[in-house]
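Notes to accompany the following structure.
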Amino acid sequence: QAQLVESGGGLVQPGHSLRLSCAASIDIGAYHMGWFRQAPEKEREFVAAILWNGYGTIYADSVKGRFTISRDNAMNTVYLQMNGLKSEDTAVYYCAADQQSSTADFQNSATRIGSYGLWGQGTQVTVSS
């Protein structure tokens with residue numbers, strides 16, 4: 001029954017921006033949330049994560065300074081603001097919920113696929129001229 005639904009993907013030119021949204025059908029207020037991405041022929045990789053209360057974030061080096069993860073727990077929604085997009089950002093972007101890890105675990109758990117038990121279907125982001 002629990003579901004995450006991503007939206008906001010699309011085709012964008014290099015240097016432009018997109019904002020992805022992840023709408024949850026459940027209360028995500030107690031869960032760390034993350035964004036991952038997967039390009040064709042590649043493994044799914046970590047992009048960004050946010051602490052359950054929003055007071056901590058982690059970013060992959062490849063997106064640091066360009067992407068911003070945020071959340072609105074009252075709306076059960078997580079966002080990924082993607083600025084300065086590059087062709088190498090092209091991928092399907094997935095939202096995920098970590099329903100198990102504690103606050104203390106966040107720094108170690110947030111970047112790991114295995115930490116997340118609930119995943120969305122993904123939204124395609126294509127960065128191309």
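What's counted below: heavy atoms across the whole structure, side chains too, no hydrogens, waters or symmetry copies.
Linking ILVMFWY residues whenever their side-chain heavy atoms come closer than 4.5 Å, directly or via other members, leaves Tyr79 and Leu4 in distinct clusters. Cluster membership for Val125 and Val47, using ILVMFWY side-chain heavy atoms within less than 4.5 angstrom, is shared. Residues Phe106 and Tyr31 are members of separate hydrophobic clusters, defined by side-chain heavy-atom contacts under 4.5 angstrom among Ile, Leu, Val, Met, Phe, Trp and Tyr. Put simply, Leu20 and Met33 are part of the same group of oily side chains (I, L, V, M, F, W, Y) that touch within less than 4.5 Å, one to the next. The hydrophobic clustering, which links ILVMFWY residues whose side-chain heavy atoms are closer than 4.5 Å, places Val127 and Val63 together.
Here the side chains of Ser62 and Arg37 are in contact, with some heavy-atom distance below 4.5 Å. Between Ile69 and Trp35 the shortest side-chain heavy-atom distance falls below 4.5 Å. The shortest distance between side-chain heavy atoms of Lys86 and Arg66 falls below 4.5 Å. Between Thr103 and Leu51 the shortest side-chain heavy-atom distance falls below 4.5 Å. Annotation: side chain of Leu11 is in contact with side chain of Ser128 (closest heavy-atom distance under 4.5 Å).
Listed here is the closest heavy atom pair of Ile28 and Ala24: CG2-CB, 3.4 Å. The two atoms that bring Gln124 and Val92 nearest to each other are OE1-CG2, 3.2 Å, heavy atoms only. Pairing each heavy atom of Tyr116 with each of Trp119, the nearest pair is O-NE1, 3.0 Å. The shortest non-hydrogen separation linking Leu85 to Val12 is CD1-CG1, 3.5 Å.
A 6.0 Å sphere centred on CD of Glu43 holds no more than 12 heavy atoms belonging to other residues, nucleotides or ligands. For CD of Gln38, the number of neighbouring non-hydrogen atoms (other residues, nucleotides, ligands) closer than 6.0 Å is greater than 12.
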Problem set entry | Phe36 and Tyr94: CA distance, side-chain angles, deciding distance, ring pair (Phe, Tyr, Trp, His ring centres under 6.0 Å) verdict | CA-CA 5 Å; Phe36 291 75; Tyr94 297 91; 8.8 Å; no
Problem set entry | Check against side chain to side chain contact (heavy atoms under 4.5 Å, CB included), Gln121 and Val5 | CA-CA 7 Å; Gln121 292 292 312; Val5 179; over 6 Å; no
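Interatomic distance, OG of Ser25 versus CG of Leu118, reported as 7.5 Å (0.5 Å rounding). The OG atom of Ser109 sits 5.0 Å away from the CG atom of Asp98 when rounded to the nearest 0.5 Å. Taken from CD1 in Ile50 to CD1 in Ile58, the straight-line distance is 10.5 Å, to the nearest 0.5 Å. The distance from the CG atom of Leu80 to the OH atom of Tyr59 is 7.5 Å, given to the nearest 0.5 Å. Interatomic distance, CG of Asn53 versus NE2 of His32, reported as 8.5 Å (0.5 Å rounding).
With sequence neighbours left out, the side-chain hydrogen bond (donor to acceptor under 3.5 Å, both in side chains) criterion links Gln100 to no other residue. For the ring pair (Phe, Tyr, Trp, His ring centres under 6.0 Å) test, no residue two or more places apart in sequence or in another chain qualifies with Tyr93.
Checked by atom type and distance alone, the side chain of Asn108 never pairs as donor or acceptor with a backbone atom of Asp105 at under 3.5 Å.
Geometrically, Arg71 does not engage Trp52 in a cation-pi contact, judged by NZ or CZ lying under 6.0 Å from the ring centre and within 45° of the ring axis.
Pairs passing the side chain to side chain donor-acceptor pair (under 3.5 Å) check and including a residue from residues 3-21, sequence neighbours excluded, read Ser17-Asn83.
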